[in-house]
Amino acid sequence: MKLAILPLVLLLAGCSPARAPGGGGIASQKIVSTNPCADAILIDLVPANRIAAISHYSQDPGATSIPLDVAKRFASTTGTAEEVIALNPALVLTSSFTPASTRTAYERAGLKTLLLDSPVTIAASKAQVLQIADAVGATERGRALNVRIDRAVASARPEPGADNPSALLFIAGDLVNGSGTLLDELLAKAGFRDAAIDYGLAFTGTLPIETIAAKPPRVILTPGPSRTATLRARVLARTGANTVEAAFPRTLVNCGGPTIIPAITRLAAIRRSLDSRPPSSPLPAGEGRAAQQRGVRVTGPVALTLPPLRGSLPLPLGEGK
């Protein structure tokens with residue numbers, strides 16, 4: 001009887017997850033990310049052939065921090081334990097918000113996981129870059145990414161003595177970024193004062209148009225056209241508010257890591273454009289010159305035209321040349 005049991009034991013042992021796909025060390029092992037912010041960092045750190053799958057959020061225009069054409073080059077999962085375990089990765093990058101039952105399933109399957117939080121400062125985001133870089137065997141690339149982040153932050157600093165115009169950064173609809181966030185720090189580094197504090201808003205929350213109209217900010221940053229944005233602009237125009245509206249793409253509000261670079265570069269460009277625009281008479285894009293020629297003083301929220309973002313987000317290794 002004992003001899004009959006032995007082959008069964010050996011068969012079951014052969015079904016255990018392989019711990020080193022490809023037979024190599026850590027630098028050749030496959031990785032799955034179920035965290036959209038980890039996706040962006042991972043793509044910057046390792047070759048594409050090491051990424052078994054990324055989060056489905058990175059292939060959603062409203063949630064991604066990666067250009068969609070880049071994100072769609074990778075397989076994705078919805079983050080279920082079954083999907084991830086079936087891929088048999090050597091490492092799973094996942095969020096601390098992942099359900100305990102899913103994390104337990106990973107553990108029972110023998111998968112190594114790295115739980116990631118949501119950094120709310122530049123320093124914490126850089127620490128997370130190194131945490132992921134160390135875990136995937138790309139420490140030097142992690143350090144290099146942090147050097148690029150530091151350079152972007154340093155380049156975004158306003159001139160000494162420059163004022164700090166108030167800015168409201170809308171994430172979507174009437175949802176506004178508040179104090180105590182990574183975006184709040186990026187606004188400050190780029191020379192803005194986060195106007196959310198004027199309305200008693202901490203972290204992230206909603207602000208009705210009436211509240212904003214009572215004390216308009218100098219700048220409104222918006223992710224794109226929406227019914228709420230159009231109505232807000234009309235209301236502010238009627239009040240005579242001297243508010244400039246500028247585009248701040250949705251892809252720049254979700255994550256830190258490499259996203260800090262294009263985000264703070266964009267903020268700095270918006271801030272510097274204000275210095276060349278008289279605060280008492282902002283010129284609407286496409287209408288300012290004609291209005292001046294007619295002797296009309298322009299007030300109300302106006303569009304700020306800036307060059308498009310180019311080459312600001314990473315491509316997988318070997319594909320950027």
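Quick note: numbers below take in every heavy atom, side chains included, and nothing from hydrogens, waters or symmetry partners.
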Problem set entry | Sidechain-backbone polar pair: Asn164 side chain, Gly191 backbone, donor-acceptor under 3.5 Å | yes

Exercise. Which pair of non-hydrogen atoms, one from Ser96 and one from Asp117, has the smallest distance, and what is that distance?
Worked result: OG-CA, 3.8 Å

Problem set entry | More than 12 heavy atoms from other groups under 6.0 Å of OH on Tyr106 | yes

Exercise. Does any non-hydrogen side-chain atom of Arg250 lie less than 4.5 Å from one of Ile171?
Worked result: yes

For this session: Apply the test side chain to side chain contact (heavy atoms under 4.5 Å, CB included) to residues Asn177 and Asp194: give CA-CA distance (whole Å), side-chain angles for both, the deciding distance (0.1 Å), then the verdict.
Result: CA-CA 9 Å; Asn177 175 77; Asp194 194 340; 3.5 Å; yes

Exercise. Is a side-chain N or O of Glu185 found less than 3.5 angstrom from the main chain of Ile122, in a donor-acceptor match?
Worked result: yes

Exercise. If you measure from NZ on Lys72 to CD1 on Ile54, what distance do you get to the nearest 0.5 Å?
Worked result: 11.0 Å

Exercise. If you group Ile, Leu, Val, Met, Phe, Trp and Tyr by side-chain heavy-atom gaps below 4.5 Å, do Ile261 and Leu42 land in one group?
Worked result: yes

Exercise. Considering only heavy atoms from C-beta outward, does the side chain of Leu91 approach that of Lys30 to under 4.5 Å?
Worked result: no

For this session: Check whether NZ of the Lys or CZ of the Arg Arg232 lies under 6.0 Å from the centre of the six-membered ring of Phe170 and within 45 degrees of that ring's axis.
Result: yes

Seminar exercise, completed: Residues Leu187 and Ala167: closest non-hydrogen pair is CD2-CB, 4.4 Å

Exercise. Side chains of Glu83 and Thr78: is there a donor and an acceptor less than 3.5 Å apart?
Worked result: yes

Exercise. Is there a donor-acceptor pair under 3.5 Å between the side chain of Thr64 and the backbone N or O of Pro61?
Worked result: no

For this session: Determine, stepwise, if the pair Asp163 / Arg271 fulfils salt bridge (charged side-chain N to carboxylate O under 4.0 Å, His left out).
Result: CA-CA 10 Å; Asp163 64 341; Arg271 171 65 189 85; 2.8 Å; yes

Exercise. So, does Gln59 use its side chain to make a donor-acceptor pair with the main chain of Ala71 at under 3.5 Å?
Worked result: yes

Exercise. Taking all atoms of both residues into account, what is the closest heavy-atom pair of Ser95 and Leu115, and its distance?
Worked result: O-CD2, 3.7 Å

Exercise. Do Ile209 and Val219 sit in the same hydrophobic cluster, where Ile, Leu, Val, Met, Phe, Trp and Tyr count as joined when their side-chain heavy atoms come under 4.5 Å apart?
Worked result: no

For this session: Please check if the side chain of Ser155 supplies one atom and the backbone of Ala152 the other of a donor-acceptor pair under 3.5 Å.
Result: no

Seminar exercise, completed: Separation between OG1 (Thr259) and CD1 (Ile264), nearest 0.5 Å, reads 13.0 Å

Problem set entry | Criterion side chain to side chain contact (heavy atoms under 4.5 Å, CB included) on Asn254 and Ser65, from CA distance to verdict | CA-CA 6 Å; Asn254 301 315; Ser65 294; 3.5 Å; yes

Exercise. Would you say Leu274 and Leu186 are hydrophobically clustered, going by side-chain heavy atoms of ILVMFWY under 4.5 Å?
Worked result: yes

Problem set entry | Note, Leu168 side chain near Leu221 side chain (heavy atom, < 4.5 Å) | no

For this session: Kindly compute the distance separating CG (Asp184) from OG1 (Thr121), expressed to the nearest 0.5 Å.
Result: 11.5 Å

For this session: Using a 4.5 Å cut-off on heavy atoms from C-beta on, say whether the side chain of Thr102 contacts that of Pro99.
Result: yes

Exercise. Would Val84 and Thr34 count as a side chain to side chain contact (heavy atoms under 4.5 Å, CB included) if you check the C-alpha gap in whole Å, the side-chain angles of each, and the deciding distance to 0.1 Å?
Worked result: CA-CA 9 Å; Val84 174; Thr34 66; 3.9 Å; yes

Problem set entry | Residue pair Val92 / Leu114, side-chain heavy-atom distance below 4.5 Å | no

For this session: Using side-chain contact (heavy atoms from CB on, under 4.5 Å) as the criterion, point out the one residue from Val32, Thr113, Ile51, Ile31 that pairs with Pro89.
Result: Val32

For this session: Would you indicate whether the side-chain heavy atoms of Leu116 and Thr94 approach each other to under 4.5 Å?
Result: no

Exercise. What about Leu145 and Leu130, same hydrophobic cluster or not, with Ile/Leu/Val/Met/Phe/Trp/Tyr joined at side-chain heavy-atom distances under 4.5 Å?
Worked result: no

Exercise. Which atoms form the tightest heavy-atom contact between Ser179 and Ala202, and what is the distance?
Worked result: OG-CA, 3.5 Å

Exercise. More than 12 non-hydrogen atoms from neighbouring residues, nucleotides or ligands closer than 6.0 Å to CD1 on Ile197, yes or no?
Worked result: no

Seminar exercise, completed: Separation between CD (Glu159) and CZ (Arg272), nearest 0.5 Å, reads 7.5 Å

Exercise. For the hydrophobic clusters of this structure (ILVMFWY residues joined by side-chain heavy atoms under 4.5 Å, transitively), does one cluster hold both Phe192 and Val153?
Worked result: yes

Exercise. Where is the tightest heavy-atom contact between Ser125 and Pro119, given as atom of each residue plus distance?
Worked result: N-CB, 3.5 Å

For this session: Could you please spell out the steps behind the side chain to side chain contact (heavy atoms under 4.5 Å, CB included) verdict for Asp150 and Lys126?
Result: CA-CA 9 Å; Asp150 287 340; Lys126 288 171 56 185; 2.8 Å; yes

Problem set entry | Working for salt bridge (charged side-chain N to carboxylate O under 4.0 Å, His left out), residues Arg148 and Asp44 | CA-CA 12 Å; Arg148 301 201 319 265; Asp44 195 283; 2.8 Å; yes

Exercise. Are Thr243 and Arg218 close enough that some pair of their side-chain heavy atoms sits under 4.5 Å apart?
Worked result: no

Exercise. Mind checking whether Pro217 and Tyr199 have side chains closer than 4.5 Å, heavy atoms only?
Worked result: yes

